[in-house]
Structure formats: structure tokens, C-alpha cells
**Q** 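I have a structure here, written as C-alpha cells, and I will follow up with some questions on it.
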Amino acid sequence: MGLSLFERVCVISLSLVLAAPTPLLAAGTPANKSAPELVTDAATFYAALVRVQTTALPDARSNAAVGREREGTGTVIGEDGLILTIGYLVLEAADIKVTDSRGRSYPARVHAMDYATGLSLLKVTAPLDVAPVQLGNSSQLPDREPVLIAGWGGIPDTALAYVVSRRPFTGNWEYMLDEAIYTSPPTTGWSGAALVDRKGTIVGVGSLLVPDATTGDPKLPGNMFVPIDVLKPVLEDLIKTGRRQSAPRPWIGVAADEFAGRLVVTRVMSESPAQAAGMKRGDVILGVGDEPVGSQAEFYRKLWNGTRDGDVIKLKVLQDMSVREVEVKSTGRSEYYRSAAKE
């Protein structure tokens with residue numbers, strides 16, 4: 001049975017993307033040393049994409065947001081089988097299974113979780129015997145550049161898209177990227193998917209489906225990717241110790257959204273520092289200390305400026321028609337989210 005038109009387009013697109021002028025060295029191999037394998041063709045590239053299936057703990061605090069059963073893509077980026085994926089796939093995991101392109105399944109564990117970038121590294125119990133994908137340069141990815149969004153399913157799970165904007169991203173779960181990559185048209189299977197440039201390198205990790213990938217009107221839907229360049233400064237730390245060296249940011253456990261220039265609390269996490277301090281849905285966050293805030297970006301910058309997990313955060317909050325000062329004893333996400341190893 002022949003390939004469908006969509007599959008032919010993907011094959012042609014991938015062939016163009018992987019047709020680099022010089023051979024692509026496997027990740028982590030210096031240019032002056034011989035690489036164990038060269039990533040030069042589609043079959044080798046797709047062998048480095050794996051299916052990640054997770055069952056979270058029954059009482060995982062993240063189940064309400066992302067469900068207990070989760071599935072997405074991981075990309076092998078290290079010669080020892082180190083796998084890069086999006087963090088929410090494996091947050092509070094009770095069981096992780098990785099399946100390679102040949103259908104072989106392996107138990108896996110979280111080696112590192114970096115809450116600041118939203119990325120995670122996994123390790124499996126046995127060597128995967130595949131050539132890793134090289135990390136690209138996401139900062140050099142221009143607008144309107146054609147890219148591939150590649151998932152674990154191979155060619156049928158690959159889509160051709162275009163970079164339509166690069167701009168900051170804020171999420172109401174106390175998360176911010178100084179610059180995220182937005183692509184369009186939208187595709188399914190984005191969770192952990194590899195964003196691939198013309199050189200066949202990974203330049204981003206799939207995070208979200210968004211309604212506003214473009215900034216102008218009409219706004220086009222698309223996908224948001226975490227740029228690979230945010231991983232590079234902390235990758236060595238994550239590999240060696242499972243965490244970045246810098247102190248964790250303070251986390252208080254509120255979801256706050258922007259409405260008419262005000263920052264309104266839409267959810268307070270159960271058993272979070274914010275709940276313990278008496279914050280509730282409908283509160284308006286007016287400031288951090290003496291500094292006013294009106295957007296998520298302002299809130300996060302002032303929340304994280306010169307502080308670390310465990311610090312007391314003073315917030316000015318409009319609650320029940322009265323302005324009050326709330327002191328929140330922050331924590332770190334790693335302390336709040338449950339771990340199978342601690343059960």
C-alpha cells in the first residue's frame with residue numbers, strides 16, 4: 001500500500017530538513033572527535049523519538065489539570081539514552097513507560113525536572129541503542145521559517161508548520177518564558193514533540209495548543225514550544241544532579257489571570273501556601289510588597305526578584321471589597337508536588 005499524500009509531503013519535507021550541507025554530529029560529541037553515528041536520514045532521526053506514557057499517582061495534585069493517564073513524545077538527546085520531554089507529562093509519575101520506534105518498551109524514571117523551563121529529562125533501564133538528536137540554536141530561528149513538528153509516531157505523526165512569532169509567554173500556573181516559539185498551523189500530538197529545523201536539530205519542545213500563535217489580526221491558532229536554548233545553560237547541572245544549581249523560585253500556588261488591567265485569582269491550589277494564607281478565588285492581586293502589578297509578567301518578575309523558595313512573600317490583595325496585606329510563606333514546586341519515591 002503506497003504512502004498517502006500527507007505522508008509524501010512529510011517525507012519530502014523531512015528530506016529537505018535533514019539535507020544539511022555537512023553531516024550532523026550526534027548530541028554531545030565534539031566536532032574534533034568521531035561520532036558513534038551521524039544523524040543524516042529520516043530513519044535515524046525517527047529512531048530517536050520515543051513514546052512516553054505516564055500514569056500519575058492516584059492523589060497527584062496535577063491530575064485535575066492534566067489527567068492521570070498521559071502520553072506524549074520524548075527525544076533522545078544523549079548517548080546514554082537521555083530523553084528530553086515536556087515536564088507535565090511526567091509530573092508526579094507513579095509509572096513511566098518509554099516505547100521506541102521498534103515497539104520495544106522500557107521502564108523509565110525522571111532524572112531531572114526543571115520547573116523554571118517546564119522541561120524534564122528521563123532515563124530508561126536499558127540502552128536504547130539509537131543516535132541522539134543534536135540540540136540546535138533556537139535563537140537563530142527566524143520568523144516564517146518552515147519547521148517540522150515531529151512526534152513519536154513517525155511520518156504520520158509529523159506536520160510541516162511555520163514559525164509565526166517569537167515572544168514572551170506567561171501561564172497562570174506561575175510560569176514564564178522570556179521568549180517562546182509559536183508555530184502555525186496547529187497540530188495534534190504536540191506534547192513533548194520535537195520542533196525540528198532545516199539542519200535536522202531540535203530547536204524546541206512541544207508544550208501547548210494556543211488560539212493566538214500570531215500577534216496581529218486575524219489571530220491564528222497554533223502551538224507553543226519551549227525553545228531549546230533555555231535548556232542549554234542548565235543541562236550540565238540537570239544531568240549531574242537532577243536540578244539546576246541556582247536556588248528554586250518561590251511558589252505560592254495561585255492561578256491569576258489578566259482582566260481589564262487587573263490580576264484576578266481564578267484558582268487557589270489545594271493545600272498551597274496561598275490557601276494557607278487565606279487567599280481565595282476572586283481576589284485581585286494589586287501588588288508585591290510596595291510595587292504594583294497589573295499583569296502576569298509583572299507579578300512573576302516581582303515575585304521572583306531577589307527571593308527563593310521558603311521566603312515570605314508580602315502581597316497587597318483586594319478581597320471582599322477591602323484591601324489587605326497578605327503574607328504568604330512560599331515553598332518550591334518540588335516540595336509541593338508528590339513523588340513516588342517519597343510515598
Side-chain angles (χ1 to χ4, degrees), residues 56-57 59-67 87-88 91-92 113-119 167-180 207-208 210 224 226 230 243-339 342:
L57 293 164
D59 58 347
R61 287 166 163 154
S62 56
N63 286 350
V66 292
Y88 61 74
L91 183 63
E92 299 183 291
M113 180 75 74
D114 186 48
Y115 292 101
T117 62
L119 298 174
R167 64 184 193 274
F169 173 83
T170 58
N172 68 8
W173 55 97
E174 296 180 49
Y175 176 73
M176 181 168 69
L177 294 171
D178 290 333
E179 185 176 77
S207 179
L208 295 170
V210 295
M224 188 277 277
V226 179
V230 301
R243 51 160 291 176
R244 61 171 60 208
Q245 285 186 348
S246 57
R249 292 168 172 170
W251 179 84
I252 64 173
V254 294
D257 291 281
E258 300 171 20
F259 295 102
R262 291 198 166 190
L263 201 58
V264 180
V265 174
T266 52
R267 182 165 56 94
V268 177
M269 300 284 284
S270 176
E271 302 177 85
S272 67
Q275 186 183 67
M279 295 186 69
K280 58 186 180 180
R281 188 170 183 265
D283 289 355
V284 179
I285 300 175
L286 302 175
V288 177
D290 296 326
E291 299 184 72
V293 297
S295 69
Q296 290 174 340
E298 287 179 340
F299 178 44
Y300 299 152
R301 289 191 182 103
K302 291 169 183 176
L303 179 66
W304 301 331
N305 183 29
T307 58
R308 59 157 298 155
D309 63 324
D311 288 349
V312 174
I313 309 296
K314 293 183 179 181
L315 301 178
K316 185 174 291 186
V317 176
L318 175 63
Q319 186 179 81
D320 298 329
M321 303 303 293
S322 298
V323 176
R324 57 183 292 244
E325 196 170 88
V326 178
E327 292 190 353
V328 185
K329 180 71 162 60
S330 69
T331 187
R333 279 185 169 90
S334 60
E335 298 301 316
Y336 178 76
Y337 288 112
R338 296 186 166 102
S339 168
K342 297 179 182 179

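Reckoned from all heavy atoms, side chains included, excluding hydrogens, waters and symmetry mates. These numbers come from a predicted model, not from an experiment.
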**Q** Report the residues that fulfil salt bridge (Lys or Arg N to Asp or Glu O under 4.0 Å) with Arg61, sequence neighbours left out, ordered by chain and then residue number.
**A** Glu271

**Q** How would you list, by chain and number, every residue that makes a side chain to side chain donor-acceptor pair (under 3.5 Å) with Arg167, sequence neighbours excluded?
**A**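 Arg167: side chain to side chain donor-acceptor pair (under 3.5 Å) contacts with Ser165.
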
**Q** What side-chain donor-acceptor pairs closer than 3.5 Å can you find for residues 282-289, not counting sequence neighbours?
**A**
{"from": "Asp283", "atom 1": "OD1", "to": "Gln319", "atom 2": "NE2", "distance (Å)": "3.2"}
{"from": "Asp283", "atom 1": "OD2", "to": "Lys280", "atom 2": "N", "distance (Å)": "2.9"}
{"from": "Asp283", "atom 1": "OD2", "to": "Gln319", "atom 2": "NE2", "distance (Å)": "2.7"}

**Q** Could you give the distance from CG (Asp257) to OG (Ser295), rounded to the nearest 0.5 Å?
**A**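 Rounded to the nearest 0.5 Å, the CG-OG separation comes to 12.0 Å.
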
**Q** Using modelled atom types only, decide if a donor and an acceptor are shared between the side chain of Glu298 and the backbone of Gly294 within a distance under 3.5 Å.
**A**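 Checking the backbone N and O of Gly294 against the side chain of Glu298, a donor-acceptor pair under 3.5 Å is found.
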
**Q** Which atom pairs, one a donor and one an acceptor, fall under 3.5 Å between side chains of residues 306-317 and the rest of the protein, sequence neighbours left out?
**A**
{"from": "Thr307", "atom 1": "OG1", "to": "Leu303", "atom 2": "O", "distance (Å)": "2.7"}
{"from": "Asp311", "atom 1": "OD2", "to": "Arg308", "atom 2": "N", "distance (Å)": "2.9"}

**Q** Suppose we screen for side chain to side chain donor-acceptor pair (under 3.5 Å). Which residues come up paired with Arg333, at least two apart in sequence or across chains?
**A** none

**Q** Taking atom OH of Tyr115 and atom OH of Tyr175, what is their separation to the nearest 0.5 Å?
**A** 13.0 Å

**Q** For Glu325, give me all partners under salt bridge (Lys or Arg N to Asp or Glu O under 4.0 Å), at least two apart in sequence or on another chain.
**A**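 By the salt bridge (Lys or Arg N to Asp or Glu O under 4.0 Å) rule, Glu325 matches no residue at all.
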
**Q** I'd like to check the side chain to side chain contact (heavy atoms under 4.5 Å, CB included) partners of Arg244; sequence neighbours left out, ordered by chain and number.
**A**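 Scan of Arg244 (side chain to side chain contact (heavy atoms under 4.5 Å, CB included), adjacent residues dropped) gives Asp114, Ala116, Thr117, Val234, Ser246.
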
**Q** Any chance you could lay out the side chain to side chain contact (heavy atoms under 4.5 Å, CB included) test for Val254 and Met269, step after step, and finish with the verdict?
**A** CA-CA 6 Å; Val254 294; Met269 300 284 284; over 6 Å; no

**Q** So, using side chain to side chain donor-acceptor pair (under 3.5 Å) as the criterion, who are the partners of Glu174 when residues are at least two apart?
**A** none

**Q** Rounded to the nearest 0.5 Å, how far does CD of Glu92 lie from CE of Met113?
**A** 9.0 Å

**Q** Out of curiosity, Glu335 CD to Arg338 CZ, how far, rounded to the nearest 0.5 Å?
**A**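 One finds 13.0 Å between CD of Glu335 and CZ of Arg338.
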
**Q** If I take atom CE from residue Met224 and atom CZ from residue Phe169, how far apart are they, to the nearest 0.5 angstrom?
**A**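 Output value for this atom pair is 4.0 Å.
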
**Q** Excluding sequence neighbours, so at least two apart, what forms ring pair (Phe, Tyr, Trp, His ring centres under 6.0 Å) with Tyr300?
**A**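 For Tyr300, the residues satisfying ring pair (Phe, Tyr, Trp, His ring centres under 6.0 Å) (neighbours in sequence not counted) are Trp304.
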
**Q** Who passes ring pair (Phe, Tyr, Trp, His ring centres under 6.0 Å) against Tyr336, sequence neighbours left out?
**A**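 For Tyr336 the ring pair (Phe, Tyr, Trp, His ring centres under 6.0 Å) partners, ignoring immediate neighbours, are Trp251.
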
**Q** Using side chain to side chain contact (heavy atoms under 4.5 Å, CB included) as the criterion, list what pairs up with Val66, not counting sequence neighbours.
**A** Ser62, Arg70, Tyr88

**Q** Grab the two heavy atoms, one from Ser272 and one from Gly253, that are nearest each other, plus how far apart they are.
**A** OG-O, 3.5 Å

**Q** Treating Asn63 as the side-chain partner and Leu57 as the backbone partner, does any N or O pair qualify as donor plus acceptor under 3.5 Å?
**A** yes

**Q** Do Val328 and Met279 have side chains that approach each other closer than 4.5 Å (heavy atoms only, starting at C-beta)?
**A**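 Counting from C-beta outward, Val328 and Met279 do come under 4.5 Å.
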
**Q** Please assess Phe259 against Thr266 for the test side chain to side chain contact (heavy atoms under 4.5 Å, CB included), listing each intermediate value before the final yes or no.
**A** CA-CA 11 Å; Phe259 295 102; Thr266 52; 4.1 Å; yes

**Q** List the residues meeting side chain to side chain donor-acceptor pair (under 3.5 Å) with Thr170, not counting sequence neighbours, and say none if there are none.
**A**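 With neighbours one apart ignored, the set is Gln296.
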
